[in-house]
Amino acid sequence: MPFSFFNTLGRTVQAFEPLQAGKVGFYGCGPTVYNYAHIGNLRAYVLHDILVRSLRRSGYEVHHVMNITDVGHLSDDSDDGDDKMVKSAAERGKSVLEIAEMYTQAFFNDTDRMCITRPTVVCKATDHIADMIALIQRIEANGYTYSAGGNLYFDIAKMPSYGELALLRLDELKAGARIAVDVHKRNPQDFVLWFTKSKFENQALVWDSPWGRGYPGWHIECSAMSMRYLGAQFDMHAGGIDHIPIHHTNEIAQSEAATGIKPWVRYWLHNEFLVLDKGKMSKSAGGFLTLQKLIDEGYDPLDYRYFLLSGHYRSQLQFSWDSLTGAKNARKSLLNTIREVSRKAPPSSSFPSSFASSVPSRSLREEWGEKAAKYGEAFNKAIEDDLNTPRALAELWGLLKDSTIEPQAALAIAFDMDRVLGLGLSVETAEAPHDESLRQEIEALIAERAAAKKAKDFAAADKIRQSLTERGITLEDGPGGTTWRVM
Ligand code: AMP
Ligand code: ZN
């Protein structure tokens, strides 16, 4: 059964066909690291995680690329407002790069705690300025740019398909044009590819370019870095719905202008917003909730993960402390139920083969019989149907509550489902810190990872970390070596 996804490009549910059989190239827009991620941002990364885990569990080799925006993102997505990084650095009395490093670490600390699998490639904008310049040169050579007031702009009038993703119509845009704040823009929707006239004094990060000393516009980084790691055309791209009308629309315009390949990306997935009782949650408005705040209030990061999974990613989700408490109680009850089932199962079944990260070699029916397999199959169907996690969770509950299913079968299927859900069920069940054989296994993997790092085989080291994350175990590297804990 193939996956199907709601593709924002075209606004229909479409069967998923990767460009290359068995492989998926996926780019998820990463954080702008001028502050902590708020819990709304984390919703976007949980979607990326569920997508990647689901595809991998079905046997796809997923190449997942994520950027870190450490330059160029103004507080308004369409080139207006303050430079987010510069403003934050000034407020905190640090350099822009210090700020970027600090919040990048904080970001991964959050995502690790939420059992979010790390991307295959994490790339910083400041490390890819040459790629951005090269891409802008191609866009310029193809006639899609103009210079005005010291900046280089993308001319949307040259691209009749501009705005397809967001269902924008060029003629309507012109007729009802909002007032452009930037007088140099021919069209209000034109956007800067390269700034040389900084509006900000003492612009911290600038580079030489064919257009003068300056810095890139925000959108170009995602085009340049995704194409660098995934090729001129790739399978999937994701981000929050706020990115549809400007950021992703502009990414598409400039990428297709550079390569002439259309569609640049074949499937676009967008998560709806997490909203507070009082309305939108935004990083730049301040006063937002962080994962640490939830922890300080007595919640586990996985309570929040459970809360997010209980809604479909395309539905707006309203955050309240009461609903988080509901998720906390539900997760607690899930863990109690699974522990009960595990006590009834023979001891050898606490770590079934599905715990490993390979695709089960036998079908669920062959292995566990029709009745138990029914739940596993319904779960898979829910996930394959545009990542319907609330339905998938209901199947997990149905399985564990069905007293006619052999505990061993229930446990194995639940653990296999958890390779997608990432709730750390198998580890919780084993009460990992007290389980000697698991402890030894984890420590052997940590030693293997240390050896791989020493041999500069970072891909192998990352793979080990990832396999542990998928099992609900987080690693922390410190001066005294690597420690681990159950997430
Ligand atoms: P940023 O760090 O601001 O670039 O945002 C990181 C990701 O979070 C992007 O994919 C945004 O679209 C997404 N995002 C921002 N606010 C929310 C929210 N309240 N709910 C869900 N996703 C959000
Ligand atoms: Zn992006």
Side-chain angles (χ1 to χ4, degrees), residues 8 26-49 51 65-77 81 83-85 88 99-100 103-104 106-108 110-111 114 116 119 122-125 128 132 135 165-166 191 216-230 234 236-255 264-265 268-291 304 307-308 311-319:
T8 310
F26 165 56
Y27 185 88
C29 286
T32 308
V33 283
Y34 67 103
N35 204 338
Y36 295 106
H38 62 58
I39 58 171
N41 299 133
L42 292 170
R43 184 176 198 198
Y45 303 106
V46 167
L47 165 64
H48 301 182
D49 183 43
L51 172 68
V65 178
M66 186 184 80
N67 63 307
I68 301 283
T69 299
D70 52 0
V71 66
H73 192 175
L74 306 189
S75 55
D76 180 297
D77 288 351
D83 181 312
K84 293 185 176 187
M85 296 295 302
S88 171
I99 287 290
Y103 289 120
T104 302
F107 173 78
F108 284 116
D110 282 353
T111 56
M114 281 191 75
I116 293 172
V122 175
C123 40
K124 289 196 232 170
H128 293 79
M132 296 182 215
L135 192 66
L165 180 78
F191 55 95
W218 171 43
H219 317 296
I220 196 73
E221 70 169 89
C222 287
S223 294
M225 293 195 276
S226 59
M227 289 200 263
R228 166 141 183 96
Y229 294 104
L230 297 170
F234 58 93
M236 310 189 92
H237 196 316
I241 47 154
D242 54 325
H243 284 345
I244 300 171
I246 301 177
H247 183 51
H248 288 165
T249 288
N250 293 351
E251 280 188 38
I252 293 173
Q254 61 200 4
S255 304
W264 168 50
V265 172
W268 286 86
L269 268 59
H270 289 98
N271 64 279
E272 247 292 355
F273 262 37
L274 176 86
V275 292
L276 297 179
D277 308 350
K278 295 173 220 65
K280 196 180 155 200
M281 182 176 304
S282 112
K283 221 192 266 192
S284 38
F288 56 83
L289 286 173
T290 59
L291 186 66
Y304 182 53
F307 168 75
L308 291 178
H312 187 260
Y313 77 90
R314 284 200 295 117
S315 304
Q316 201 176 75
L317 198 56
Q318 174 124 16
F319 178 84

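Values below: all heavy atoms of this structure, side chains included; hydrogens, waters and symmetry mates excluded. Both counts, for ligands and for their atoms, begin at 1 and track the order of listing. Please read these numbers as outputs of a predicted model, since none were measured by experiment.
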Exercise. Using a cut-off of strictly less than 2.8 Å, determine whether Cys222 has an N/O/S atom near the Zn ion (ligand 2).
Key: yes
Self-check item: Asp242, any N or O under 3.5 Å of ligand 1 N or O
Solution: yes
Quiz item: Are any of the N or O atoms of Thr32 closer than 3.5 Å to those of ligand 1?
Solution: yes
Exercise. Carefully, step by step, assess Ser315 and Glu272 under the rule side-chain hydrogen bond (donor to acceptor under 3.5 Å, both in side chains).
Key: CA-CA 6 Å; Ser315 304; Glu272 247 292 355; over 6 Å; no
Quiz item: Hey, does His38 sit under 4.0 Å from ligand 1 if you only count heavy atoms?
Solution: yes
Quiz item: Roughly, to 10 degrees, what angle do Cys29 atom SG and Glu251 atom OE2 form around the Zn ion (ligand 2)?
Solution: 100°
Quiz prompt | Atoms in ligand 1 flagged as close to Pro31, the criterion being non-hydrogen separation under 4.0 Å | solution = 2 (O)
Self-check item: Minimum non-hydrogen distance to atom 20 (N) of ligand 1, winning option of Leu317, Leu274, Val46
Solution: Leu274
Exercise. Specify side chain, backbone, both or neither for Glu272, according to which of its non-hydrogen atoms lie closer than 4.0 Å to ligand 1.
Key: backbone
Quiz item: Strictly by modelled atom types, are His243 and Glu251 linked by a side-chain donor-acceptor pair under 3.5 Å?
Solution: no
Exercise. Using a strict cut-off of 4.0 Å, indicate which atoms of ligand 1 neighbour a heavy atom of Gly239.
Key: 10 (O)
Quiz item: Hey, is the Zn ion (ligand 2) within less than 2.8 Å of some N/O/S atom on His247?
Solution: yes
Quiz item: Out of Ala44, Gly40, Gly30, Ala238, whose heavy atom sits nearest atom 22 (N) of ligand 1?
Solution: Gly40
Quiz prompt | Check: Tyr313 ring centroid to His270 ring centroid under 6.0 Å | solution = no
Quiz item: How are the rings of His219 and His247 set relative to one another: parallel (under 30°), tilted (30 to 60°) or perpendicular (over 60°)?
Solution: tilted
Quiz item: Evaluating non-hydrogen atoms only, which member of Asn41, Leu276, Leu42 is closest to atom 3 (O) of ligand 1?
Solution: Asn41
Quiz item: Which heavy atom of Ser223 sits nearest a heavy atom of Gln254, and at what distance?
Solution: OG-NE2, 3.0 Å
Quiz item: Below 6.0 angstrom between ring centroids: does that apply to Tyr36 and Tyr103?
Solution: yes
Quiz item: So is there a nitrogen or oxygen of Asn271 less than 3.5 Å from a nitrogen or oxygen in ligand 1?
Solution: yes
Quiz item: Parallel under 30°, tilted from 30 to 60°, perpendicular over 60°: which one fits the rings of Tyr304 and Phe307?
Solution: parallel
Exercise. Determine whether His248 and Trp268 make a side-chain contact, defined as any pair of heavy atoms from C-beta on separated by less than 4.5 Å.
Key: yes
Exercise. Compute whether any side-chain donor of one residue and acceptor of the other, for Tyr27 and Asn67, lie under 3.5 angstrom apart.
Key: yes
